[in-house]
There are 2 protein chains.
Amino acid sequence: MTNAFVRKLERFGPLDRDERDALDALCAGAVHHRADDEIGQGGQAGTVPLLLAGFAYRFKLLSDGRRQIHGLFVPGDLCRHLYGHLSPSDHVVRTLSPAVVAAVPAAALHGAMERHPRIARALWASTVTDDAVLREWVVSLGRRSAYERMAHLFCEVFLRLRAVGLVDGQSCDLPLTQMDLGDLMGLSTVHVNRVVQQLRRDELIALKGPHLTVPDVAVLGRAADLDPAYLGLEVGPAHPRNAPARVGAA
Amino acid sequence: MTNAFVRKLERFGPLDRDERDALDALCAGAVHHRADDEIGQGGQAGTVPLLLAGFAYRFKLLSDGRRQIHGLFVPGDLCRHLYGHLSPSDHVVRTLSPAVVAAVPAAALHGAMERHPRIARALWASTVTDDAVLREWVVSLGRRSAYERMAHLFCEVFLRLRAVGLVDGQSCDLPLTQMDLGDLMGLSTVHVNRVVQQLRRDELIALKGPHLTVPDVAVLGRAADLDPAYLGLEVGPAHPRNAPARVGAA
DNA sequence: CGCCGCGTTGACTTCACTCAAGGCGCGTGG
DNA sequence: CCACGCGCCTTGAGTGAAGTCAACGCGGCG
């Protein structure tokens, strides 16, 4: 299977062989991490962690130990802003599962963007999309009920994974404990448990251990009050190419 | 007084006369808006709204009318991502007060960035900071109590306004109704009222109409469980220049 | 075998929401 | 000039969603 980074960027516009090779080159030297490993910190100044396989997240702790996760990464995602090196990092990135991570030198990334305008374009479109996801989290945390929030999260993850070809039929991996889900969506573990059970009873999802099944994303999305245009992934089928590139219009 | 955009960017590094002039040029043709006016929509494709005076916000509505504000803009702020034109906008931007807004052509902005690397650098640093603010909102909404949340918000706004020279002594403008505050922090109007009163009783803030006074930001920050490094504005005094540029380190 | 992490359940508490009403300041129009 | 309406702030009472605390089952692993 091709590089997840390439698959992700191809959603934003076609790439030719040359461009795909350039992206592959950026991933050289990817390393394996164990679950629950910190990534991108320490020695790696001037590089951007790129997740190629597995799951990761970023979070902040309050002074009394409360944790809030404010980013979830799936294969193909950059785990830091393209210009993140301009400002000291204020949070931690950690793997959720065994993972493959490339430490892409920021200079190489920017070089590739200069040489390949379509890569630059895709990368920026991807950044803008990441932003939209974060804003949608704000909406969830601020105004959606626990039930809607969880439904929205499962929907988002499912669609993002489908976009990089990691959904098999109606199922995908999701190595999150209920405690993680709580820290993602601002809920207690106990309440997550109850809400997940309700979602199961309503047959919107099946969730056993690290395995998520979504019988019908559209139905789940409706329960989540999900914006049909969200991620531009909604209506489309399993993988890009046939879907219209949702890019370029003003 | 100089252009708020220039003042904001100077926080991220010094700019010479030439660079300041370039920024000024981008603001040519700024127009006045009434309060509660939609900005940046419609005809303005290919431009980025830049707020030069007044306040604005962006929000989303859920299908049943619940509103969540997911961005608050103060003078000097760009109201859209630098590459926002790569993706259709999924939300609305609206003024909170009478405001002056320049519709900066994206092309002109990128041109200025190419000609003036220090402008590019400052603009990127500013983007990264905006990101950090949004993530901090996620933390607030997910894990802070209503009391901490409001304290954090007032602190953030106060520091951001101070950074562009819009704090006079211990006071600044803040033209938000309690309903707006609720939609910002995911609370009901009634509860906002109660929390604000508590903050007043604790003498952490004074808030009458559109006027906010913060006797001691450090104390307010402590009540908010605010990260001391947040915004890099904390310890510094009223305005840049004398403060070390918090930029460039990895 | 026994610990430990994770999911599950029940009972109770509490933070925040809803509903409802009243006050105040201000602009508009009679 | 005053009456009225309206937006906003305030207050009280009751409700409800989600949190806390505590216990137990289950499965994996050392």
Side-chain angles (χ1 to χ4, degrees), chain A residues 34-36 55 62 64-68 94-98 140-154 173-201 205-212 223-225, chain B residues 34-36 55 62 64-69 94-98 140-154 173-201 205-212 223 225:
Chain A
R34 283 167 304 125
D36 216 38
F55 290 77
L62 296 187
D64 65 351
R66 283 172 289 179
R67 179 178 75 152
Q68 178 64 44
R94 196 180 281 273
T95 56
L96 276 162
S97 64
S140 274
L141 288 163
R143 288 303 183 207
R144 275 190 255 256
S145 69
Y147 185 85
E148 295 169 314
R149 238 181 273 179
M150 294 294 303
H152 199 280
L153 177 70
F154 290 131
D173 281 336
L174 187 62
L176 294 165
T177 66
Q178 294 189 351
M179 189 181 142
D180 294 329
L181 288 169
D183 287 343
L184 271 163
M185 291 287 102
L187 300 168
S188 70
T189 312
V190 172
H191 202 236
V192 166
N193 183 279
R194 293 180 168 135
V195 170
V196 165
Q197 286 181 60
Q198 188 61 48
L199 286 165
R200 277 200 273 247
R201 250 175 273 131
I205 64 163
L207 182 64
K208 351 182 183 59
H211 212 67
L212 170 70
D225 205 332
Chain B
R34 284 168 303 125
D36 217 38
F55 290 76
L62 295 187
D64 64 352
R66 282 173 289 179
R67 179 177 72 152
Q68 178 65 42
I69 295 176
R94 195 180 282 273
T95 56
L96 276 163
S97 65
S140 276
L141 288 164
R143 287 301 182 206
R144 273 190 256 257
S145 70
Y147 185 86
E148 295 169 313
R149 238 182 271 181
M150 295 294 303
H152 199 280
L153 177 68
F154 289 131
D173 281 336
L174 188 63
L176 293 165
T177 67
Q178 293 188 352
M179 189 181 142
D180 294 328
L181 289 170
D183 288 342
L184 271 164
M185 291 287 102
L187 300 168
S188 71
T189 311
V190 172
H191 203 236
V192 167
N193 183 279
R194 292 181 168 134
V195 170
V196 166
Q197 287 180 57
Q198 188 61 50
L199 285 165
R200 276 200 274 246
R201 250 175 272 131
I205 64 162
L207 182 64
K208 351 182 182 59
H211 212 68
L212 170 70
D225 206 331

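Hydrogens, waters and symmetry mates play no part in the numbers below; they use all other heavy atoms, side chains included. A, B, ... follow the sequence lines: proteins, then strands. Residue 1 opens every chain.
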Rounded to whole angstrom units, what separation is found between the CZ atom of B/Arg201 and the P atom of D/dT10?
11 Å
Search all heavy atoms of B/Ser97 against all heavy atoms of B/Phe55 and return the closest pair with its distance.
OG-N, 3.0 Å
Quick one: is D/dT10 close enough that its OP1 or OP2 comes under 4.0 Å of any side-chain N or O from B/Asn193?
yes
Can a donor-acceptor pair under 3.5 Å be found between the side-chain atoms of A/Arg194 and the base atoms of C/dG10?
yes
So what does A/Gly186 touch, heavy atoms closer than 4.0 Å: a base, only the sugar-phosphate, or nothing?
sugar-phosphate
Does A/Tyr147 or B/Leu176 map to a spot on DNA chain D nearer the 5' end, using the closest nucleotide for each?
B/Leu176
How far does CG of B/Leu184 sit from CZ of B/Arg67, to the nearest 0.5 angstrom?
8.0 Å
Within the structure shown, what part of the strands sits under 4.0 Å from B/Arg200 by heavy-atom distance: base, sugar-phosphate, or nothing?
sugar-phosphate
Could you tell me the separation between the CG atom of A/Leu181 and the P atom of D/dG19, rounded to a whole number of Å?
13 Å
Rounded interatomic separation in angstrom, taking CD from B/Gln197 and C1' from D/dC8:
13 Å
Can you check the A/Gln198 CD to C/dT9 P distance for me, whole Å?
12 Å
Name the closest nucleotide to the B/Thr177 side chain, picking from C/dG10, D/dC9, C/dA16.
D/dC9
Nearest whole angstrom, please: distance from the P of D/dA18 to the CG of B/Leu141.
14 Å
When we call it a touch if two heavy atoms are under 4.0 Å apart, what does B/Thr189 touch: a base, just sugar-phosphate, or nothing?
nothing
A/His191 NE2 to C/dC15 P, in whole Å, measures 16 Å
Tell me the closest heavy-atom pair linking B/Leu62 and A/Arg144, and the distance in Å.
CD2-NH1, 3.6 Å
note: A/Asp183, atom CG; D/dG19, atom C1'; distance rounded to Å ~ 14 Å
Any donor-acceptor N or O pair under 3.5 Å, side chains A/Gln197, A/Arg200:
no
Select base, sugar-phosphate, or nothing to describe what A/Val190 touches, counting heavy atoms under 4.0 Å on all strands.
base
Without decimals, in angstroms, what is the distance between A/Arg143 CZ and C/dC17 C1'?
10 Å
Just to confirm, is there a sub-4.0 Å distance from OP1 or OP2 of C/dG5 to any side-chain nitrogen or oxygen of A/Gln178?
no
Heavy-atom nearest pair, B/Asp225 first then A/Asp64, reads OD2-N, 4.4 Å
